[in-house]
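Values reported hereafter were calculated over all heavy atoms of this structure, with side chains retained and with hydrogens, waters and symmetry mates removed.
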Amino acid sequence: MKSDKNGQRMTGAQAIIASLEAEGVDILFGYPGGQAIKIYDALYDSKQLKHILTRHEQGATHAADGYARATGRPGVVLVTSGPGATNTVTGIATAYMDSVPMVVITGQVPTSVIGTDAFQESDITGITLPITKHNYLVKKAEDLPRIIREAFFIATTGRPGPVLIDVPSDITKAEIVFEYPETVSIPSYKPTYKGHSKQIKQAVELIKDSYKPILYVGGGIIASGAGKELEELAEFMQIPVTATLIGKGCFPEDHHLSLGMPGMHGAKYTNYALSNADLLIAVGARFSDRVTGKLSEFAKGARVIHIDIDPAEIGKNKAVDIPIVGDAKIILGAINEELHKTAVAPRTTDWLTQIDEWRARYPLHHHAPSSAIVPRYVFERLNELLEGRKKIITTEVGQHQMWAAQYCKTNEPRTFISSGGLGTMGFGLPAAVGAQAGCPDTLVVCIAGDGSIQMNSQEMATAAINDFPVKVVLLNNGCLGMVRQWQQLFYEERYSSTLLGACPDFVKLAEAYGWHAERVAEPEDVDRALRAMIEHPGPALLDVIITDREMVFPMVAPGAAIDDMIGATNVGPISNMIDSEEE
């Protein structure tokens, strides 16, 4: 990766900017401060880099995260030392849990006073050690180009993740001769991509012999760009596919083989399929507790093939029969090639018939009349109004997130962006800002709750100032809905600290930031208001009043097996393939 500035004499701060330019960075998100001021001064002269000034450093990291998930390119963050750096921690942890590539550059106090509790000093490399893929404290200015080159390489290869670079302010003013390395050599870091040929052949034999297989896939499919290979395998062998929250969109949800999301708030038919499969093909998924429920009962009758680029994930939670370490795209391609070599035919006709029976009996919902606005209706109308548009959905975290996962139909990767592993309230709005920055010609809609959006509502200013026409559909129930749901179901309706009330007035709040805003409380107003929100040329918020009694169903209770669900719709007789005691 050659830079046209190689050989030039420059300061460390200028070297940082030149390095970002050499990496092809176009946008970075951040907030200036004393120990980063020299870097910001060098940034002033860049004609390539656009800096998005967020209103909080956490907002900057979530925006960079949303940018990365929407574009597939690494998000970049620039902040100052001390509280500026520590404010990024939640965003870094969010990206780490969901394997999102990000490079975070933090200012630091001069090397001469590190460790003296200097003004705005924090040990950010120590603080972020457990939540970064790698981090650096720069000790010599001449190391900056190499470190930045390595940081981008580490963040974007293997299992993606965030990398932090901490730069003392004296390093930013020291002079160096700039040379940006074209290659990276890190002897201790050699991700496996290809996969073991013997294990691939063993996996093919299991797939060929299976009568009740299921593909359980996650964010690794999106990270590797393996959607085409996944669809080829599913269609060739007629294998149903269930995708995690982070994997949503990696397989078209309108495909007849799609089972939607599994686990705690997945459809009952999806969880029944997982519980009765004879072969589980896990690809780029980590057997999260929100998917597996009671682990000892999860797919207990199935042989397990686990494909993942991170060897630490294989066998960590679920025992595996055939482990394959490597890139999902390459390995699925190899499996497809092996299958096509032989005269193999799917054996899943009866299995798919059984799943269709479960699907018919246990739909996610039924159409019950209501005089109030119900979330399902909002999403049905939103789906129809967004049909055919180029769009990205982001979410905050809570009940609205699960309703969005259940009802927003997503057929392409990188079009549904949500905090999965960390479950970060306050993620959705800044992530929408980042996604809009990276995809300016795409309609970006954030699904939010009244509790979650207040965590980073200041980023409404970022959207307004930058003319980002993001839209927010705010499901407002006056409470912390998901926690309240647990209190209602499992804590005898003791609503401890979950009732928010009608504060603030979100319409006035949005209008104060220069947004278009409207409130609806009647079902007959929803369609018109959604249309107005979507068609408004700038940022817009729709405050949708729903009752606090709305629940996300079906649901797996804590500690229960995933086929033991509460609140599931039951509309017909069940097949005899399920034991009568389960009925």
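Between Thr244 and Gly218, the closest heavy-atom pair is OG1-CA, 3.4 Å. Taking every heavy atom of both residues into account, Ser122 and Ile127 meet most closely at CB-CD1, 4.4 Å. Of all heavy-atom pairs between Pro252 and Ser258, the closest is O-CB, 3.4 Å. Smallest separation of non-hydrogen atoms from Thr395 and Ala404: CG2-CB, 4.1 Å. Across all their heavy atoms, Val177 and Gly7 have their closest contact at CG1-O, 3.7 Å.
A cation-pi arrangement is found for Lys248 relative to Phe416, the charged atom lying closer than 6.0 Å to the ring centre and inside a 45° cone about the ring normal.
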TODO: Just do the side chain to side chain contact (heavy atoms under 4.5 Å, CB included) check on Val283 and Leu230 with the steps written out, would you?
DONE: CA-CA 9 Å; Val283 190; Leu230 170 64; 5.7 Å; no

- [ ] Mind running side chain to side chain contact (heavy atoms under 4.5 Å, CB included) on Leu541 and Asp543 for me, showing each step along the way?
- [x] CA-CA 6 Å; Leu541 179 144; Asp543 185 14; 4.0 Å; yes

Task: Stepwise salt bridge (charged side-chain N to carboxylate O under 4.0 Å, His left out) check, Lys228 with Glu231 - done: CA-CA 5 Å; Lys228 179 181 176 183; Glu231 196 165 347; over 6 Å; no

- [ ] Show your reasoning for whether side-chain hydrogen bond (donor to acceptor under 3.5 Å, both in side chains) applies to Gln58 and His62.
- [x] CA-CA 6 Å; Gln58 183 182 346; His62 291 327; 3.0 Å; yes

Task: CA sep, side-chain torsions, deciding dist, call: Arg69, Asp65, salt bridge (charged side-chain N to carboxylate O under 4.0 Å, His left out) - done: CA-CA 6 Å; Arg69 297 196 207 209; Asp65 185 318; 2.4 Å; yes

Open item on the list: Checking Arg519 against Asp505 for the salt bridge (charged side-chain N to carboxylate O under 4.0 Å, His left out) test, could you report, in this order, the C-alpha distance in whole Å, the side-chain angles of both residues, the deciding distance, and whether it holds?
Closed with: CA-CA 10 Å; Arg519 179 178 297 112; Asp505 182 325; 2.7 Å; yes

- [ ] Give the C-alpha distance, both sets of side-chain angles, the deciding distance and a yes or no for side-chain hydrogen bond (donor to acceptor under 3.5 Å, both in side chains) between Gln458 and Tyr513.
- [x] CA-CA 9 Å; Gln458 76 283 340; Tyr513 282 112; over 6 Å; no

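Atom CG of Leu509 is separated from atom CH2 of Trp515 by 9.5 Å, given to the nearest 0.5 angstrom. Annotation: the span from Glu253 atom CD to Thr410 atom OG1 amounts to 4.5 Å, rounded to 0.5 Å. We find the CG-NZ distance between Leu144 and Lys139 to be 14.0 Å, quoted to the nearest 0.5 Å. A distance of 13.0 Å separates CD1 in Ile37 from NZ in Lys173, rounded to the nearest 0.5 Å. With values rounded to the nearest 0.5 angstrom, Glu21 atom CD is found 11.5 Å from Asp26 atom CG. Asp327 CG to Ile309 CD1: the interatomic distance, rounded to the nearest 0.5 Å, is 5.0 Å.
Annotation: side chain of Val217 is in contact with side chain of Cys250 (closest heavy-atom distance under 4.5 Å). Residues Val444 and Cys439 form no side-chain contact, since every pair of their non-hydrogen atoms from C-beta on lies 4.5 Å or further apart. Inter-residue side-chain proximity for Arg73 and Tyr67 is flagged as met; some heavy-atom pair is nearer than 4.5 Å. Ile393 places none of its side-chain heavy atoms less than 4.5 Å from the side chain of Thr415. Residues Ile124 and Val89 are in side-chain contact: their nearest non-hydrogen atoms beyond the backbone lie under 4.5 Å apart.
A donor-acceptor contact under 3.5 angstrom links the side chains of Gln401 and Ser418, judged on distance only. Using modelled atom types and a 3.5 Å distance limit, the side chains of Thr462 and Glu459 yield a donor-acceptor pair. Between the side chains of Asn466 and Gln436, no donor N or O sits under 3.5 Å from an acceptor N or O. With hydrogens and angles left out, the side-chain atoms of Arg149 and Tyr180 include no donor and acceptor closer than 3.5 Å. Between the side chains of Gln35 and Ser81, no donor N or O sits under 3.5 Å from an acceptor N or O. Thr94 and Thr424 share a side-chain donor-acceptor pair at under 3.5 Å. Side-chain N/O atoms of Asp166 and Thr125 include no donor and acceptor closer than 3.5 Å. Neither side chain, Lys329 nor Tyr193, offers a donor N or O lying under 3.5 Å from an acceptor on the other.
The environment of Leu443 atom CG is dense: over 12 non-hydrogen atoms of other residues, nucleotides or ligands sit within 6.0 angstrom. Shown here is Lys194, whose NZ atom has no more than 12 heavy atoms of other residues, nucleotides or ligands within 6.0 Å. Annotation: Asp117, atom CG; neighbour count of heavy atoms from other residues, nucleotides and ligands within 6.0 Å does not exceed 12. Other residues, nucleotides and ligands contribute at most 12 non-hydrogen atoms within 6.0 Å of the OH atom of Tyr31. At most 12 non-hydrogen atoms from other residues, nucleotides or ligands lie less than 6.0 angstrom from CZ of Phe119. For CZ of Arg290, the number of neighbouring non-hydrogen atoms (other residues, nucleotides, ligands) closer than 6.0 Å is 12 at most.
Glu511 places no side-chain N or O within 3.5 Å of a backbone atom of Lys508 that could act as its donor or acceptor partner. Within the 3.5 Å criterion, the main-chain N or O of Leu530 finds no donor-acceptor partner in the side chain of Lys471. Under a 3.5 Å cut-off, the side chain of Asp98 and the backbone N or O of Gly420 do form a donor-acceptor pair. Using a distance-only test at 3.5 Å, with no hydrogens or angles considered, a donor-acceptor pair links the side chain of Thr132 to the main chain of Thr128. When atom types are taken as modelled, the side chain of Asp170 and the backbone of Thr111 share a donor-acceptor pair closer than 3.5 angstrom. A donor-acceptor pair is defined here as one N or O able to donate and one able to accept, closer than 3.5 Å; such a pair exists between the side chain of Glu396 and the backbone of Leu429. Between the side chain of Ser99 and the backbone N or O of Arg159 there is no donor-acceptor pair closer than 3.5 Å. No side-chain donor-acceptor contact under 3.5 Å links Gln120 to the backbone of Pro83. Of the possible donor and acceptor atoms, one in the side chain of Lys133 sits under 3.5 Å from a partner among the backbone N and O of Ile154. At least one donor-acceptor pair under 3.5 Å links the side chain of Asn383 to the backbone N or O of Phe379.
The only member of Val76, Ile147, Val163, Val184 that meets side-chain contact (heavy atoms from CB on, under 4.5 Å) when paired with Phe152 is Val76. Applying the side-chain contact (heavy atoms from CB on, under 4.5 Å) test between Arg414 and each of Ile222, Thr442, Thr71 identifies Ile222 as the sole match.
Ring planes of His516 and His536: parallel class, angle under 30° (limits at 30 and 60°). The aromatic rings of Tyr136 and His134 lie perpendicular to each other, with more than 60° between the two planes, well past the 30° mark.
Between Tyr40 and His51, the distance separating the two ring centers is shorter than 6.0 angstrom.
Using a 4.0 Å cut-off between charged nitrogen and carboxylate oxygen, Glu182 and Arg146 do not count as a salt-bridge pair.
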